[in-house]
Amino acid sequence: MTPLEIRIADLIRSGGPMSVTEYMRTSLADPDHGYYVTRDPLGAAGDFTTAPEISQMFGELIGLWCVDVWQKMDRPSPFDWVELGPGRGTLMADAVRAAQVLPDFLEDGRLTLVETSPMLKERQRQALAEAPLPVAWTDTFDADGEAPLLLIANEFLDALPIRQFERTADGWRERQVALDGEAGFRFATGDTVMEDQVPAALRDTPTGAIFETCPDARDLVAAVADRIARSGGAALFIDYGHPVPALGETLQAVRGHAYHRVLTDAGEADLTAHVDFGALADSARDAGASVLGPVDQGRFLQAIGIERRTEALVRTASPDQIADIASALNRLTAPGPNAMGRLFKAMAVHHPDMVGVDGFGAAMF
Ligand code: SAH
């Protein structure tokens, strides 16, 4: 057993089965052995790769998107530029470089990186060592700030702990993690029937069905939307997920670039779940902001100019580099199962007075 599995087993022995939420939260964020606390999970030697690690174009285009939104806000000064869960800092370093097309933007901005992992904070510090604007780190998003906000979150919401509910013979119950013998875990269900946790339209289904919610993601998006509704600005959330609430289990573990069993090796494998963009759009609107999307990542990147950016890079590239650029373009935008273009979605939350936010020409909502 991993050190964290030993701790989780002790907790279950003394307190009874724990919710899937607690299992996921502990696996990812335990202060001693949590997955994100103890390692840099990204890149070839890590467990998974993300869009900014695939190509510089991703962060550059998002940087230009931010500059464009700032201009549409009439260039507020100061403003808060925030990224949630910046990983190695690659996206932000590329975004800052691209934003140098408009030096006023960088002069007026101050950058805050919201990150819990000490190791990744250090990677981000190195990546942004030359950034020509003040950079600060916090563990949580500051909902109380007064300045207009420009916020980016790529593959952040999928790492927040979800609740799972299972349809049993006499109703919906919370899914839990229980001990399975001496050295393993299995799923179980709680004692209390919780019908109202599942949308009415999805309740009447055969036993065994799973419904997932992510209260932390809803609270976070509500806090961001509330801040935007009060002080202006926009937020861009990119993640893999579905456009409306749906049944189905999406909790998954990944280790060494391969799927892993969810209840094995706690703290040593990444755990994520699909983002329910429909539920998050509702939280943002309830908090007084407007929402665009979600649209497929491929369509979003095309709308904000990835093809033009590809052509510009190709003009000065060697034949090997041209092949890499073409392959990155394909991975980021193509619809197939091994690419991110359709599985990943982009959603913007913005102040209701802001018009013309780029990238969402044919929005679904
Ligand atoms: N955005 C980056 C990294 C995605 S991995 C990229 O696209 O490459 C998820 C990131 O979120 C990591 O940096 C992780 O340490 C951070 N993270 C996970 N849970 C967090 C939490 N609850 N609060 C703050 N950061 C968190």
Side-chain angles (χ1 to χ4, degrees), residues 21-31 33-63 65-66 81-96 111-128 135-143 151-162 214-221 223-224 235-241 252-255 257 267 269-275 297 300-301 328 331-332 340 343-346:
T21 323
E22 265 330 286
Y23 180 83
M24 190 171 173
R25 195 189 304 282
T26 309
S27 297
L28 296 179
D30 178 85
H33 306 294
Y35 178 77
Y36 280 114
V37 179
T38 52
R39 74 203 62 230
D40 172 359
L42 290 149
D47 292 314
F48 59 93
T49 298
T50 56
E53 301 297 331
I54 292 170
S55 168
Q56 68 186 73
M57 295 190 285
F58 190 80
E60 290 169 348
L61 289 167
I62 289 177
W65 183 89
C66 290
W81 200 10
V82 177
E83 183 177 3
L84 308 179
R88 291 177 163 179
T90 309
L91 190 164
M92 195 42 96
D94 292 335
V96 166
L111 190 54
T112 304
L113 304 182
V114 180
E115 175 61 68
T116 40
S117 157
M119 198 176 298
L120 289 176
K121 274 183 193 161
E122 188 46 39
R123 296 292 303 245
Q124 294 155 18
R125 208 180 304 279
Q126 289 162 11
L128 289 160
V135 188
W137 278 262
T138 59
D139 285 355
T140 51
F141 169 69
D142 171 18
L151 179 138
I152 305 162
N154 184 59
E155 288 209 46
F156 172 76
L157 298 171
D158 67 350
L160 299 180
I162 56 159
C214 189
D216 286 15
R218 291 190 73 134
D219 291 350
L220 178 97
V221 169
V224 170
L236 179 65
F237 295 97
I238 302 182
D239 232 303
Y240 74 123
Q252 67 176 34
V254 166
R255 187 179 187 183
H257 299 269
D270 189 30
L271 283 180
T272 58
H274 276 216
V275 170
Q297 172 173 301
F300 174 72
L301 291 175
R331 256 182 99 183
L332 293 178
M340 306 172 81
L343 179 60
F344 280 72
K345 315 241 179 269

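When a ligand or atom number is given, it counts from 1 through the structure's own listing order.
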| message | Test your reading of the structure: does N154 have an N or O sitting under 3.5 Å from an N or O of ligand 1? | response | yes
| query | Strictly by modelled atom types, are W137 and E115 linked by a side-chain donor-acceptor pair under 3.5 Å? | reply | no
| query | Under 3.5 Å, is there a donor-acceptor pair between the E155 and T50 side chains? | reply | no
| request: Measure the distance from atom 5 (S) of ligand 1 to every protein heavy atom, then report the residue, atom name and distance (to 0.1 Å) of the closest one. | output: E155 O, 3.8 Å
| said: Among all the protein's non-hydrogen atoms, which is closest to atom 23 (N) of ligand 1, and how far away is it? | reply: T116 CG2, 3.6 Å
| Separation between OG1 of T26 and NE2 of H33, rounded to the nearest 0.5 Å | 12.0 Å
| At a 4.0 Å cut-off, with the gap strictly under it, does some heavy atom of L120 reach an atom of ligand 1? | yes
| N-O pairing of D270 and R255 below 4.0 Å | no
| For atom 22 (N) of ligand 1, which protein heavy atom lies nearest, and how many Å away is it? | L160 CD2, 3.8 Å
| query | If you round to the nearest 0.5 Å, how far is CD1 of I62 from CG of N154? | reply | 6.0 Å
| query | Which ligand 1 atoms, with their elements, are less than 4.0 angstrom from a heavy-atom of F156? | reply | 11 (O), 20 (C), 21 (C), 23 (N), 24 (C), 25 (N), 26 (C)
| message | With respect to E115, determine whether any N or O atom, backbone or side chain, lies less than 3.5 Å from an N or O atom of ligand 1. | response | yes
| said: Distance under 4.0 Å to a non-hydrogen atom of P52: what atoms of ligand 1 satisfy this? | reply: 6 (C), 7 (O), 8 (O)
| query | Less than 3.5 Å between some nitrogen or oxygen of T50 and one of ligand 1, yes or no? | reply | yes
| task | Decide, yes or no, whether a salt bridge links R25 with D30 under the criterion of side-chain N to carboxylate O below 4.0 Å. | result | no
| side-chain contact (heavy atoms from CB on, under 4.5 Å) between T272 and F48, worked out | CA-CA 11 Å; T272 58; F48 59 93; over 6 Å; no
| Based purely on interatomic distance, does G87 place a nitrogen or oxygen under 3.5 Å from a nitrogen or oxygen of ligand 1? | yes
| In terms of heavy-atom contacts, does CZ of R331 have more than 12 from other residues, nucleotides or ligands at under 6.0 Å? | no
| query | How close does the nearest protein non-hydrogen atom get to atom 18 (C) of ligand 1, and which residue and atom is it? | reply | Y36 CD1, 3.9 Å
| P161, G59, G85: member with heavy atom nearest to atom 10 (C) of ligand 1 | G85
